[in-house]
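Letters go in sequence order (proteins before strands), and every chain restarts at 1. Model, not experiment: these values are computed from the prediction.
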There are 2 protein chains.
Amino acid sequence: MKVTINEIAKRAGVSKATVSRVLNNSKPVSEEIKKRVLAVIEDTNFKPNAVARSLSLKKSHLIGIIIPDLSNPVFSRIIAGIESYIRNLDYSLLITATDFDIEMKIQHIHILKDKGVDGLILVTDHGNSEFYEAMLAFGKPIVMVGSDSFAESIPFVRIDNYKASCEATQYLIDLGHEKIGMIRGPLTDPQSGKERFEGYRDTLVKAGLYEENLIAEGWYSFDDGYHGMEMLLSKSQRVTAVFCACDLMAVGAIKYASEQGLKVPLDLSVIGFDDVEIARMYSPSITTVKQPFEENGRIAIETLVQMIEEAEDLAPFHQQILKHQLVVRESTIIRKSEE
Amino acid sequence: MKVTINEIAKRAGVSKATVSRVLNNSKPVSEEIKKRVLAVIEDTNFKPNAVARSLSLKKSHLIGIIIPDLSNPVFSRIIAGIESYIRNLDYSLLITATDFDIEMKIQHIHILKDKGVDGLILVTDHGNSEFYEAMLAFGKPIVMVGSDSFAESIPFVRIDNYKASCEATQYLIDLGHEKIGMIRGPLTDPQSGKERFEGYRDTLVKAGLYEENLIAEGWYSFDDGYHGMEMLLSKSQRVTAVFCACDLMAVGAIKYASEQGLKVPLDLSVIGFDDVEIARMYSPSITTVKQPFEENGRIAIETLVQMIEEAEDLAPFHQQILKHQLVVRESTIIRKSEE
DNA sequence: TTGAAAGCGCTAACAC
DNA sequence: GTGTTAGCGCTTTCAA
């Protein structure tokens with residue numbers, strides 16, 4: 001019962017070429033015929049077959065998204081931003097997750113290419129040279145959210161993690177803290193790991209407060225924050241403030257500290273990063289650096305669609321840095337005076 | 001440039017039918033020719049065009065997902081479950097969000113249909129009759145996650161919300177509580193709203209403890225929990241325990257109670273629902289009903305793929321109820337004896 | 001303005 | 001076992 005363009009043509013007594021023309025407004029069609037065709041389309045409830053159209057046009061109106069983990073708000077909120085923008089254009093999103101596996105990421109690029117997507121958004125953690133080659137071989141527009149040192153020649157949108165970390169660290173210094181620890185991400189992660197750490201380090205160095213043994217490392221989880229804090233508190237030099245590379249680690253850190261009888265923020269100030277929901281909801285609510293996740297997504301997809309539609313081969317190098325914002329809440333406070 | 005099956009055929013000195021055969025193993029091909037074709041495929045790095053194949057096969061290997069909100073873990077974890085299963089089969093996911101808007105949900109069903117998806121998974125809040133009609137008109141396999149009173153004739157997978165709520169409520173009774181409040185969802189929401197409330201109500205009625213004025217209502221957010229608790233505490237009859245329809249409301253409830261000087265669980269026991277990440281991480285960690293989100297997704301997609309591949313028209317009515325689990329944590333405790 | 005026909009890249013009868 | 005051919009449903013020259 002699938003009604004096709006042929007069926008419409010027959011019923012309206014015209015050729016399918018004409019039907020196609022009224023469908024796409026691609027060429028002038030006389031008012032009368034147009035009306036007739038439209039009427040038939042209306043009451044057969046005809047919808048052109050998108051697959052056939054894709055084949056003919058060599059354009060699928062599909063956009064591929066590759067993301068490390070769908071269930072983590074840090075990523076899924078970016079997708080949400082993309083989705084709510086694209087919803088009104090007639091593109092659809094083909095979404096795949098990689099579980100942070102580079103091989104899988106590369107494989108997905110190929111799969112999505114074969115599926116004929118018109119463009120790609122990569123929400124990235126980090127890549128390698130093989131990954132980079134896969135991107136180049138993709139042959140159609142790509143935009144990255146978050147960027148990657150391997151791929152700085154690909155258009156991207158992200159925040160300035162370095163600067164944000166400087167500000168967060170400086171904020172702790174301004175509160176009078178001197179022993180300021182960090183629970184960082186892995187340095188192999190260029191953005192959330194390396195840049196956030198370097199902002200912290202450089203700021204402390206400039207203030208003459210940097211100490212190498214006030215640093216713990218983890219992979220952005222609650223448990224990593226928990227154990228990171230455990231490690232920091234085991235040092236003889238007691239920290240009075242901690243900067244965490246993400247909110248989840250901040251939560252873990254606070255949890256551990258609380259269990260050890262330390263009051264946050266009275267005995268220990270803690271800053272997170274990202275401003276995911278939990279930062280606002282936690283008790284104490286957590287001071288953090290707010291990332292505009294949804295906006296990241298929106299700008300990325302906007303850029304991508306533009307590249308697709310205007311066929312800007314080798315698009316002029318787009319790099320867009322969005323604004324972050326330090327959100328002060330209950331988990332940070334002026335350092336207790338010693339007595 | 002783009003290498004096609006014709007190109008392969010020419011280079012290998014065979015017909016494209018033969019190439020197609022070795023590509024799909026659809027018919028026997030002599031070893032020698034097969035080897036030759038494979039070699040050409042190999043060194044041209046040929047990948048068959050998925051769109052053309054779809055058109056010919058009338059099968060897109062695309063599966064549509066309609067979900068209320070991508071950034072909410074309650075939904076995105078279901079997607080994650082779907083995605084990690086489907087990744088190994090050669091289907092792809094076309095995901096759209098509705099922001100809980102029924103019109104949009106209906107519209108998405110049509111769009112996805114036009115895009116030629118082979119099946120649909122609906123992660124639903126609730127629908128109406130028009131929505132139900134759209135599903136019937138879809139004409140290809142559909143599976144719902146969470147089900148809906150309007151659509152009980154569509155295969156679904158979910159937990160037994162009613163039973164789970166009974167257990168949670170009974171647990172509070174067993175702890176000695178008598179004034180047990182609830183912050184429920186809207187009753188128009190058949191699963192998380194209505195069923196969870198009814199489980200609570202019936203269990204209390206049976207125990208002779210039900211009181212209508214111990215109930216607040218909200219839309220599953222932190223703020224709703226916060227205000228719900230505010231409302232409950234404003235009653236003269238002081239509750240000693242509260243069952244919340246989701247974890248976020250439980251967090252809001254605890255936050256408000258804490259701000260009023262009540263200790264959780266000492267002065268007030270709180271139970272949530274869902275077991276999202278925050279329930280484990282919060283201080284106090286929250287007793288809750290664990291939903292197997294990822295498994296919900298996995299079973300749903302498994303069922304759907306089966307329906308697609310085995311072409312079970314009007315599939316024998318599948319309804320699958322998965323197991324929930326009460327997870328006891330720090331937010332609940334035996335009722336303080338009065339003195 | 002409109003129609004006929006070729007073609008997008010692939011699969012699947014149908015012959016040989 | 002292999003090739004020829006006719007589609008799948010749509011767009012787009014090219015003529016008329």
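Rounded to an integer number of Å, the gap from CD of Glu32(A) to C1' of dT2(C) is 13 Å. Rounded to whole Å, atom P of dG1(D) lies 15 Å from atom NZ of Lys35(B). Atom NZ of Lys34(B) and atom C1' of dG3(D) are 18 Å apart (whole Å). Rounded to whole Å, atom P of dG9(C) lies 16 Å from atom NZ of Lys59(A). For the pair Ile41(B) CD1 and dC10(C) C1', the computed distance is 13 Å after rounding to whole Å.
Put simply, the side chain of Ile95(A) does not reach to within 4.5 Å of the side chain of Leu93(B), judged on heavy atoms.
The salt bridge (charged side-chain N to carboxylate O under 4.0 Å, His left out) test with Asp118(A) is passed by exactly one of Lys59(A), Lys58(A), Lys113(A): Lys59(A). Pro141(A) pairs with exactly one of Leu304(A), Val117(A), Val305(A) by the side chain to side chain contact (heavy atoms under 4.5 Å, CB included) rule, that one being Leu304(A).
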5' to 3', nucleotides 8-16 of chain D under a 4.0 Å protein heavy-atom cut-off (B base, S sugar-phosphate only, - none) gives BBBBBB---

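When atom types are taken as modelled, the side chain of Ser54(B) and the backbone of Ala50(B) share a donor-acceptor pair closer than 3.5 angstrom.
Residues Thr44(B) and Glu7(B) have side chains that never bring a donor and an acceptor to within less than 3.5 angstrom of each other.
Between Arg298(A) and Glu302(A), at least one side-chain N (NZ, or NE/NH1/NH2) sits under 4.0 Å from a carboxylate O, which counts as a salt bridge.
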